[in-house]
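A short write-up of the structure that comes next.
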Amino acid sequence: MNTEDVLNEFRDAGALREGHFVLSSGLHSPVFLQKNLVFMDGARCERLCKALAEKITAQVGEVDVAISPAVGGIIPGYETAKHLKVRSMYVEREGGEFKLRRGFSVEPGEKVVMVEDIVTTGLSSRECIAAIQAAGGAVVAAACIVDRSGGKADVGVPLIALASMEVPAYPADALPPELAALPVEDPGSRRLSK
Ligand SMILES: O=P(O)(O)OC[C@H]1O[C@H](OP(=O)(O)OP(=O)(O)O)[C@H](O)[C@@H]1O
Ligand SMILES: O=C(O)c1cc(=O)[nH]c(=O)[nH]1
Ligand SMILES: [Mg+2]
């Protein structure tokens with residue numbers, strides 16, 4: 001499955017949104033990939049995550065566990081883990097910081113693949129990887145359905161992306177006028193509890 005195939009799944013699901021969005025990183029973008037509209041369709045989610053699992057196995061071999069950052073990473077993390085035939089867990093924010101909760105744990109040195117839905121700056125991936133390492137896991141790779149940085153994001157381990165593309169994103173004080181003119185949506189969960 002190549003980038004165009006993945007984007008077609010997003011288009012067909014009505015998940016390729018245009019407007020004015022504030023992203024998890026605080027950057028603003030005229031494009032948002034509303035992944036939940038993709039993952040809500042079991043067959044579509046399975047096609048994408050099966051392909052991602054195959055890419056992970058081809059690049060890093062077998063792993064022991066897949067761990068994702070909540071909320072967006074939970075469904076693709078579970079489905080990818082299913083195809084890798086490994087346990088699936090997630091980290092969630094406690095006082096703003098990602099932690100393994102709900103009885104989830106890793107054995108010291110277990111090989112972990114961190115599975116994200118979307119990577120933009122890589123900040124959430126780095127936070128998730130730090131939480132896994134703090135819990136004793138050895139993160140051998142990160143994986144995502146779409147890398148919006150076109151390969152530029154550095155998450156500190158190899159990043160395996162099913163689709164890779166560069167999408168414009170701007171700091172709040174450097175918005176193009178046509179973007180600044182539109183009302184802003186904040187669709188993610190990072191700022192929900194504040
Ligand atoms: O690479 P980054 O710059 O960190 O951006 C990508 C992150 O943004 C979204 O999460 P968000 O925090 O918006 O919440 P969600 O998982 O609940 O959608 C997405 O699920 C990634 O985790
Ligand atoms: O950077 C983000 O927060 C982000 C971008 C995107 O296209 N989709 C998403 O769910 N999050
Ligand atoms: Mg997320």
Side-chain angles (χ1 to χ4, degrees), residues 3 6-41 44-45 48-49 52 66-81 88-101 112-132 139 141-172 175 179 182 184-194:
T3 293
V6 174
L7 291 181
N8 279 336
E9 296 282 9
F10 275 75
R11 277 189 199 102
D12 293 348
L16 213 45
R17 298 291 174 110
E18 291 182 11
H20 180 184
F21 305 94
V22 60
L23 306 178
S24 184
S25 53
L27 296 175
H28 291 236
S29 180
V31 175
F32 191 77
L33 298 163
Q34 187 41 279
K35 68 281 174 124
N36 301 291
L37 296 177
V38 171
F39 302 143
M40 74 177 186
D41 177 331
R44 201 187 295 287
C45 184
L48 292 166
C49 295
L52 184 60
I67 303 183
S68 297
V71 177
I74 295 177
I75 297 174
Y78 173 84
E79 186 65 22
T80 303
S88 168
M89 304 176 199
Y90 56 87
V91 297
E92 60 196 303
R93 294 193 191 278
E94 191 181 74
E97 263 190 48
F98 280 139
K99 296 259 163 62
L100 274 182
R101 300 179 67 242
V112 181
V113 60
M114 194 284 306
V115 180
E116 253 287 22
D117 45 4
I118 312 285
V119 167
T120 298
T121 63
L123 174 63
S124 308
S125 298
R126 291 192 297 274
E127 290 173 334
C128 181
I129 289 167
I132 298 165
V139 181
C144 65
I145 303 294
V146 182
D147 173 9
R148 291 178 42 134
S149 81
K152 291 189 176 149
D154 180 2
V155 302
V157 295
L159 175 62
I160 300 162
L162 194 57
S164 180
M165 63 203 233
E166 261 195 271
V167 183
Y170 309 91
L175 300 187
L179 191 58
L182 297 174
V184 65
E185 278 182 61
D186 185 353
S189 66
R190 182 185 285 271
R191 285 170 290 272
L192 272 186
S193 56
K194 288 200 179 150

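Order of listing sets the numbers, starting from 1, for every ligand and every atom in it.
- Of the protein's heavy atoms, Ser124 OG, 3.5 Å lies nearest to atom 7 (C) of ligand 1.
- Shortest non-hydrogen contact noted between Leu27 and Pro171 is CD2-N, 3.7 Å.
- Contacts of Phe32 classified as ring-ring contact (aromatic ring centres under 6.0 Å, His included), with partners at least two apart in sequence or in another chain: Phe21.
- A heavy-atom distance below 4.5 Å is not found between the side chains of Glu116 and Val155.
- Side-chain N or O atoms of Arg126 include one that pairs as donor or acceptor with a backbone N or O of Thr121 at under 3.5 Å.
- Partner of Thr80 under the side chain to side chain contact (heavy atoms under 4.5 Å, CB included) criterion, chosen from Cys45, Cys49, Ser68, Cys144: Cys49.
- Comparing Gly122, Gly188, Gly72, Ala169 against atom 1 (O) of ligand 1, the shortest heavy-atom distance belongs to Gly122.
- Nearest residue to atom 15 (P) of ligand 1 from Ser149, Ser189, Cys144, Ala153 is Ser189 (criterion: closest heavy atom).
- The side-chain heavy atoms of Val119 and Val146, taken from C-beta on, include no pair separated by under 4.5 Å.
- The Ser25 neighbourhood of ligand 1 comprises atoms 3 (O), with distances under 4.0 Å to a heavy atom of that residue.
- Residue Leu23 places no heavy atom under 4.0 Å from ligand 1.
- The distance criterion of under 3.5 Å between nitrogen or oxygen atoms is met by Glu116 with respect to ligand 1.
- Summarising the geometry of Ala81 relative to Ala66, their closest heavy-atom pair is CB-CB, 3.8 Å, with the distance given to 0.1 Å.
- The Arg190 neighbourhood of ligand 1 comprises atoms 12 (O), with distances under 4.0 Å to a heavy atom of that residue.
- The nearest heavy-atom contact from the protein to atom 9 (C) of ligand 1 is Lys35 NZ, 3.9 Å.
- Counting heavy atoms from C-beta outward, Ser25 and Arg190 have side chains that stay 4.5 Å or more apart.
- Note on ligand 1: Glu127 sits outside its first shell, no heavy atom being nearer than 4.0 Å.
- In this view, Phe10 satisfies the ring-ring contact (aromatic ring centres under 6.0 Å, His included) rule with no residue, not counting sequence neighbours.
- Annotation: ligand 2 has protein neighbours Leu23, Ser24, Phe32, Leu33, Lys35, Ile118, Thr120, Arg148, each with a heavy atom less than 4.0 angstrom from the ligand.
- Considering only non-hydrogen protein atoms, atom 8 (O) of ligand 1 sits nearest to Ser24 CB, 3.2 Å.
- In this structure a side-chain-to-backbone donor-acceptor pair under 3.5 Å is present from His20 to Leu179.
- Looking at Val71 next to ligand 1, an N or O pair under 3.5 Å apart turns up.
- What sits closest to atom 6 (C) of ligand 1 on the protein, heavy atoms only, is Ile118 O, 3.2 Å.
- Nearest heavy-atom pair, Ala143 versus Val113, reported as atom, atom and distance to 0.1 Å: CB-CG2, 4.2 Å.
- Checked against salt bridge (Lys or Arg N to Asp or Glu O under 4.0 Å), Asp41 has the following partners two or more places apart in sequence or in another chain: Arg44.
- Annotation: atom 19 (C) of ligand 1 to nearest protein heavy atom, Asp117 OD1, 3.3 Å.
- At a heavy-atom cutoff of 4.0 Å, ligand 1 is contacted by both the backbone and the side chain of Thr121.
- In the model, Arg148 has a side-chain atom that pairs as donor or acceptor with a side-chain atom of Ser29 under 3.5 Å.
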